[in-house]
Amino acid sequence: MDLDVKKNAFVKLGSFLSQFTQHELQEDTQCLDKGELYQQFNELINTAVHYNGWFTKEQVLICIESWALALTKQNIDLWCAKYSFDKEPLKKIGLILAGNIPLVGFHDFITVLLSGNIALVKLSSNDQKLLPFIAHYLKQIEPLFVDRIEFVENKLDGFDAVIATGSDNTARYFEYYFSGVPNIIRKNRNSVAVLNGQETPEQMIALGKDVFTYFGLGCRNVSKIYIPKQYDFDHFFQGMYPYNEVINYDRYANNYDYNKAVFLMSEFKILDNGFLTIKEDKGYSSPISSVFYSYYDSLSALELELKNDKQKIQCIVSNNLVSDSIDFGQTQSPALWDYADNVDTMSFLLNL
C-alpha cells in the first residue's frame, strides 16, 4: 500500500473530523462520500456519555477537534519525513487500548496503519464506539484498509508485536504475558507544572485547561504543581476560576465531595475554592478534583528530581523554567511526533 495513499486517507479523515467542533457543527458535503456518515458520527458524539459517563459531548468534541487540527497534510508530511518507508512490515500489531479519555489509543492506531502494519484492536470497555466508527470511515474512503483493521472482542492472539496501555498493576501482567514478542507497555504517568509566581493571568488560565480538560483523567493532565516558598495561591486559584462550572457535572461533583471529605477526615491541610482542592503531597497522582503541590528551593535541584522521576512523568509545563517543558494550555494538544512516554512508536513499528 503506497505511503501517499495512506497519508491522503488520514488527511481526508482530518477534514471529516474538522466538521465537529466545540462551537458549531457544520457539514461539509465535499469531504463525505455518504452524507449519512456525518449524521451517524454526530449522533455518536451526542450519545457517547451514555456508554461512559465521563465522555460528555463537550469533552468528546475537544478530543475530535484536537485530532482534526493534527491530521493535516502539512503535519502528516512533517511527521513522516524523518522515517524510511521503503517497505511495509505487514506485521499484526495487537493494540490493547485504555479508556480513560476519548480516543486515548488513536495515535497508536494511526501509527500502526501508516507504518504499513495490521491493527488488531482490543478496545477498552469504557471506549467502544468512537474508534470503530472512525475505522469504518477510513475503510469507506480507502478500501485498502479493510484487511488491515480488525477489532478483537475475545482473547487477543495471532499477533507479532503488542502495544498495551494500562495501570501499573496491569502493566506487570502485560510484561509477563507479552514477554515473548516485541512490545511497548505503558504504565501510569502524570503531568506536572513548575511555577514561580511570575506567570501571567493568561498563562494561569491556560494551566486550568491542562488541569480540567477530560476532567483531569488523562496522563497529560497536570495533577501536580511545583511552587517556590511564599507562593501566593490566590494567583493559582484565579487561573482556575474560569473552569468553575465543572462542579455542575454530577460525576465530578461526587468525586470532589468524596475526596474533600477524605482529606478532611484524615486531617490533611488543604486549600479549597469550591470545586478544586489542593494538597501538599510528594506524589504525582492526585485524585479527581484535586491537585497536589510541592515546594522547591532551587530550580536546578527540582530539574534533577524531575529527571530522576521521568518514568512517572508524561509532560512538564512551565514558562521555560526547566528543560523539556511545554507551554501552558498545550498538554492535551500533542503533535503527531509527540510520542507517549517518549517512545518512538513509528520507529518501533517500521523496524519489526
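Hydrogens, waters and symmetry mates are skipped; everything else that's a heavy atom, side chains included, is used.
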Go through the steps for K279 and D281 under the test salt bridge (charged side-chain N to carboxylate O under 4.0 Å, His left out), then give the verdict.
CA-CA 6 Å; K279 169 181 176 288; D281 197 296; 2.5 Å; yes
Can H50 and F55 be said to form a ring-ring contact (aromatic ring centres under 6.0 Å, His included), step by step?
CA-CA 8 Å; H50 300 318; F55 287 13; over 10 Å; no
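Both the sub-6.0 Å distance and the 45° axial angle are satisfied by K224 relative to the ring of Y284. F145 does not carry K139 over the face of its six-membered ring by the limits of under 6.0 Å from the centre and within 45° of the normal.
Annotation: F178 is in aromatic contact with F159 [ring centroid separation under 6.0 Å]. Ring to ring, F275 and Y256 are not that close: their centroids are 6.0 angstrom or more apart. Between F20 and Y38, the distance from one ring center to the other falls under 6.0 angstrom. Taking the six-membered ring for Trp and the full ring otherwise, Y293 and F233 have centroids separated by under 6.0 Å.
With a 4.5 Å cut-off on side-chain heavy atoms, L321 and Y226 do not count as touching. Taking the side chain as every heavy atom from C-beta outward, E150 and V121 never approach each other to under 4.5 Å. Taking 4.5 Å as the limit, every side-chain heavy atom of T56 sits out of range of all side-chain heavy atoms of L61. Looking at M204 and Q238, their side chains never come closer than 4.5 Å, going by heavy atoms from C-beta outward. Side-chain contact between L195 and L207 is present, with at least one heavy-atom pair separated by less than 4.5 Å. Taking the side chain as every heavy atom from C-beta outward, N126 and N100 never approach each other to under 4.5 Å.
In this structure, E43 contributes its side chain and Q40 its backbone to no donor-acceptor pair below 3.5 Å. Remark: side-chain polar atoms of R220 are not paired, donor with acceptor, to backbone N or O of C315 under 3.5 angstrom. No side-chain donor-acceptor contact under 3.5 Å links N52 to the backbone of A48. Looking only at distances, no side-chain donor or acceptor of N183 sits under 3.5 Å from a matching main-chain atom of V162. Although no hydrogens or angles enter the test, the distance criterion places no donor-acceptor pair under 3.5 Å between the side chain of S333 and the main chain of Q330. Not a single donor-acceptor pair under 3.5 Å links the side chain of H107 to the backbone N or O of Y339. Although no hydrogens or angles enter the test, the distance criterion places a donor-acceptor pair under 3.5 Å between the side chain of S15 and the main chain of V11. Of the possible polar contacts, one joining the N259 side chain to the I288 backbone as a donor-acceptor pair under 3.5 Å is found. Between the side chain of N8 and the main chain of V5, no donor-acceptor pair closer than 3.5 Å is present. Of the possible polar contacts, none joining the S266 side chain to the F263 backbone as a donor-acceptor pair under 3.5 Å is found.
Side-chain contact, N319 with Q198: no donor N or O sits under 3.5 Å from an acceptor N or O. Using a 3.5 Å distance cut-off with no hydrogens or angles, the side chains of E280 and S294 do not pair a donor with an acceptor. With no hydrogens or angles considered, no side-chain donor-acceptor pair links D210 and Q332 at under 3.5 Å. Side-chain atoms of D250 and N254 form no donor-acceptor pair, as typed in the model, at a separation below 3.5 Å. Residues Y83 and D344 bring a donor and an acceptor atom of their side chains to less than 3.5 Å of each other. N75 and T72 form a side-chain donor-acceptor contact under 3.5 Å, judged by distance and modelled atom types alone. Under 3.5 Å, the side chains of S167 and N169 contain no donor-acceptor pair of N or O atoms. A donor and an acceptor atom, one from each side chain of S290 and T277, are located under 3.5 Å apart.
A distance of 9.0 Å separates CZ in F10 from NZ in K6, rounded to the nearest 0.5 Å. Interatomic distance, N46 CG to F41 CZ, rounded to the nearest 0.5 Å: 11.0 Å. I93 CD1 to T111 OG1: the interatomic distance, rounded to the nearest 0.5 Å, is 11.0 Å. The structure places CD1 of I64 at 7.0 Å from CG of L103, a figure rounded to the nearest 0.5 Å.
Between R148 and E142 there is no salt bridge, since none of the side-chain N atoms of the basic residue sits less than 4.0 Å from a carboxylate O of the acidic one. Using a 4.0 Å cut-off between charged side-chain N and carboxylate O, K187 and E175 make a salt bridge. Under the 4.0 Å criterion applied to side-chain N and carboxylate O atoms, R186 and D108 are assigned as salt-bridge partners.
Of all heavy-atom pairs between S191 and Q314, the closest is OG-CB, 3.6 Å. The shortest heavy-atom contact between F328 and S318 is CE1-C, 3.8 Å. Closest approach of I316 to L306, counting heavy atoms only: CD1-CD1, 4.0 Å. Of all heavy-atom pairs between G99 and V104, the closest is N-CG1, 4.1 Å.
Both I96 and V181 are members of a single hydrophobic cluster when ILVMFWY side chains are connected at heavy-atom separations under 4.5 Å. Connection of M346 to I184 is established within a shared hydrophobic cluster, with ILVMFWY side chains joined at heavy-atom distances below 4.5 Å, either directly or through further cluster members. Residues F151 and L97 fall within the same hydrophobic cluster, defined by Ile, Leu, Val, Met, Phe, Trp and Tyr side chains chained together at heavy-atom separations under 4.5 Å. Under the 4.5 Å side-chain contact rule for hydrophobic residues, L114 and L69 do not share a cluster. I110 and W337 fall within the same hydrophobic cluster, where Ile, Leu, Val, Met, Phe, Trp and Tyr residues are linked whenever their side-chain heavy atoms come under 4.5 Å apart, directly or through other members.
At most 12 non-hydrogen atoms from other residues, nucleotides or ligands lie less than 6.0 angstrom from OH of Y258. Atom OH of Y51 is surrounded by 12 or fewer heavy atoms from other residues, nucleotides or ligands within 6.0 Å. Within a 6.0 Å radius of NZ in K312, no more than 12 heavy atoms belonging to other residues, nucleotides or ligands are found. At most 12 non-hydrogen atoms from other residues, nucleotides or ligands lie less than 6.0 angstrom from CG of D147. Counting non-hydrogen atoms of neighbouring residues, nucleotides and ligands closer than 6.0 angstrom, the NZ atom of K91 reaches no more than 12 such neighbours.
The only member of K310, E305, E303 that meets side-chain contact (heavy atoms from CB on, under 4.5 Å) when paired with K307 is E303.
Ring orientation note: the planes of W67 and F106 are nearly perpendicular, at an angle over 60° on the 30°/60° scale. Using bins of under 30°, 30° to 60° and over 60° for the plane-to-plane angle, the ring pair Y243/F212 lands in the parallel bin.
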